[in-house]
Student: 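Next up is a structure, given as structure tokens.
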Amino acid sequence: MRVEPELIAERALLLSDPSRVAILGALSSESLTVSELTARVGAAQPRISTHLAILREAGWIEADADGRQRRYRLTSPTIKEALRSLTNVGDPHPAGARKSRHNRRPSPDEPLRHARTCYDHLAGVAGVTVCKAFLSRGWIEPIVDGRGTFQPGYGLTDSGSAAMSVRGVAIPENDGKRRRFAYACPDWTEPGPHIGGALGAAILQRLEEVGIVTRLPDDRTVRLTDDLGVWLGDDDETDDVAKHEISLAIS
């Protein structure tokens, strides 16, 4: 069997959000409308619609007209089979000692939600806030990189390059052949994405170097200092929102 790491990783990311998995599970037995999915999954309708758009773009679901509504269904029975197979994959943790993040959603005041690592980049409230700040200041911008519309790529602008230089971030080479330079990595606790890819890793590395982020032993949760807001700077009016969200991540 030939393993294609990037393809598998991209598909696995579609299953990284419990709500998306719940949607796929609900559609495994029948076609459903947005209202019906909202009731079954227990999430807000706008969020359900967002997840449906992601799954449609990936080609995992389709929609059929049903009067004024649309009924969503899986495009292939192999998706249902994949969910069943993943459910039966052996659990590496003994009973009662499970630490999997997918068991439940963290509470609003739980450190795991506030700031954590996602592979080698920053996620949670802090990571999403950094991504919003970069976008609002024009340091990064969405681009078409041909890697899947459910994870749009980000390009670094001239002002972004200057901002990274001032902040000591080592800008990774963007040759388009190895790792993706930067992209919108779906965040499993927050409604917006954080910055993934080589740039996301470089940002987290720099935040660790200057002591703004401290990793905790054997844990994906990270500790922040209030210097993250200072590191981002206060370039525009959106910073008031960013600072508030950063304060939540630190508290």
Side-chain angles (χ1 to χ4, degrees), residues 6-84 86 101-102 105-106 113 118-119 121 123-125 127-136 140-155 180-197 199-200 238 241 245:
E6 282 201 15
L7 179 61
I8 293 174
E10 285 194 3
R11 289 176 176 173
L13 275 169
L14 284 171
L15 300 174
S16 65
D17 188 291
S19 293
R20 276 201 295 275
V21 175
I23 289 171
L24 292 171
L27 295 178
S28 294
S29 56
E30 60 182 320
S31 62
L32 298 167
T33 66
V34 173
S35 298
E36 291 169 335
L37 283 167
T38 299
R40 294 199 183 190
V41 176
Q45 184 167 325
R47 190 156 193 174
I48 293 294
S49 297
T50 297
H51 288 312
L52 288 172
I54 292 172
L55 292 169
R56 287 188 72 185
E57 288 173 355
W60 285 28
I61 65 172
E62 292 178 339
D64 299 315
D66 183 11
R68 294 185 177 182
Q69 294 184 315
R70 289 184 175 183
R71 303 194 73 84
Y72 294 86
R73 58 182 174 81
L74 300 183
T75 57
S76 170
T78 59
I79 298 172
K80 180 179 179 178
E81 294 168 8
L83 292 175
R84 183 182 297 111
L86 286 172
R101 69 179 188 177
H102 300 298
R105 283 193 176 280
R113 177 187 172 238
C118 175
Y119 299 102
H121 44 269
V125 173
V128 171
T129 298
V130 169
C131 184
K132 287 179 180 177
F134 274 45
L135 286 167
S136 68
I140 56 174
E141 59 185 3
I143 59 171
V144 177
D145 64 359
R147 295 293 191 90
T149 52
F150 68 94
Q151 282 184 289
Y154 289 143
R180 293 181 74 182
F181 177 72
Y183 62 92
C185 185
D187 198 281
W188 67 280
T189 63
E190 306 309 305
H194 52 261
I195 301 174
L199 179 62
T238 60
V241 176
E245 293 182 336

Student: Do C185 and Y119 make a side-chain contact, defined as non-hydrogen atoms from C-beta onward lying under 4.5 Å apart?
Tutor: no

Student: Closest heavy-atom contact between P152 and R180?
Tutor: C-NH2, 3.8 Å

Student: Please say which of T50, I48, I54 ends up in a side-chain contact (heavy atoms from CB on, under 4.5 Å) with L52.
Tutor: I48

Student: For a quick test of reading the model, state the closest non-hydrogen atom pair linking L83 to G25 and the distance between them.
Tutor: CD1-N, 4.0 Å

Student: Evaluate the side-chain proximity of W60 to L15: yes if any heavy-atom separation is below 4.5 Å, no if none is.
Tutor: yes

Student: Would you mind telling me which of D17, V125, V128 makes a side-chain contact (heavy atoms from CB on, under 4.5 Å) with D187?
Tutor: V128

Student: I need the minimum non-hydrogen distance between I140 and C131, along with the two atoms involved.
Tutor: CD1-O, 4.4 Å

Student: Which pair of non-hydrogen atoms, one from E36 and one from S31, has the smallest distance, and what is that distance?
Tutor: OE1-O, 4.3 Å

Student: Given side chains that start at C-beta, do those of L14 and L24 come closer than 4.5 Å, heavy atoms only?
Tutor: no

Student: Got a donor-acceptor contact below 3.5 angstrom from the S16 side chain to the A12 backbone?
Tutor: no

Student: Which of parallel (below 30°), tilted (30 to 60°) and perpendicular (above 60°) describes Y183 and H121?
Tutor: perpendicular

Student: Between the main-chain N or O of L13 and the side-chain N or O of R20, is there a donor-acceptor pair closer than 3.5 Å?
Tutor: yes

Student: Heavy atoms only: give me the nearest A26-L37 pair and the separation to one decimal.
Tutor: CB-CD2, 3.9 Å

Student: Just checking R56: does its CZ atom have more than 12 heavy atoms from other residues, nucleotides or ligands closer to it than 6.0 angstrom?
Tutor: yes

Student: Please check this pair: side chain of T75 against backbone of G59, looking for a donor-acceptor N/O pair closer than 3.5 Å.
Tutor: yes

Student: Where do L199 and Y154 land on the side chain to side chain contact (heavy atoms under 4.5 Å, CB included) test, with the steps shown first?
Tutor: CA-CA 9 Å; L199 179 62; Y154 289 143; over 6 Å; no

Student: Only counting residues at least two apart or in another chain, list the ones meeting salt bridge (Lys or Arg N to Asp or Glu O under 4.0 Å) with E62.
Tutor: R73

Student: Taking the side chain as every heavy atom from C-beta outward, state whether I61 and I79 have any atom pair closer than 4.5 Å.
Tutor: no

Student: Please identify each residue that fulfils side-chain contact (heavy atoms from CB on, under 4.5 Å) with S35, with sequence neighbours left out.
Tutor: T33, Q45, Q69

Student: Can you tell me how far SG of C118 sits from NE2 of H194, rounded to the nearest 0.5 angstrom?
Tutor: 3.5 Å

Student: For residues L27 and Y72, report the shortest heavy-atom separation together with the two atoms involved.
Tutor: CD2-O, 3.2 Å

Student: Could you tell me whether E30 and R40 have a side-chain N and a carboxylate O separated by less than 4.0 Å?
Tutor: yes

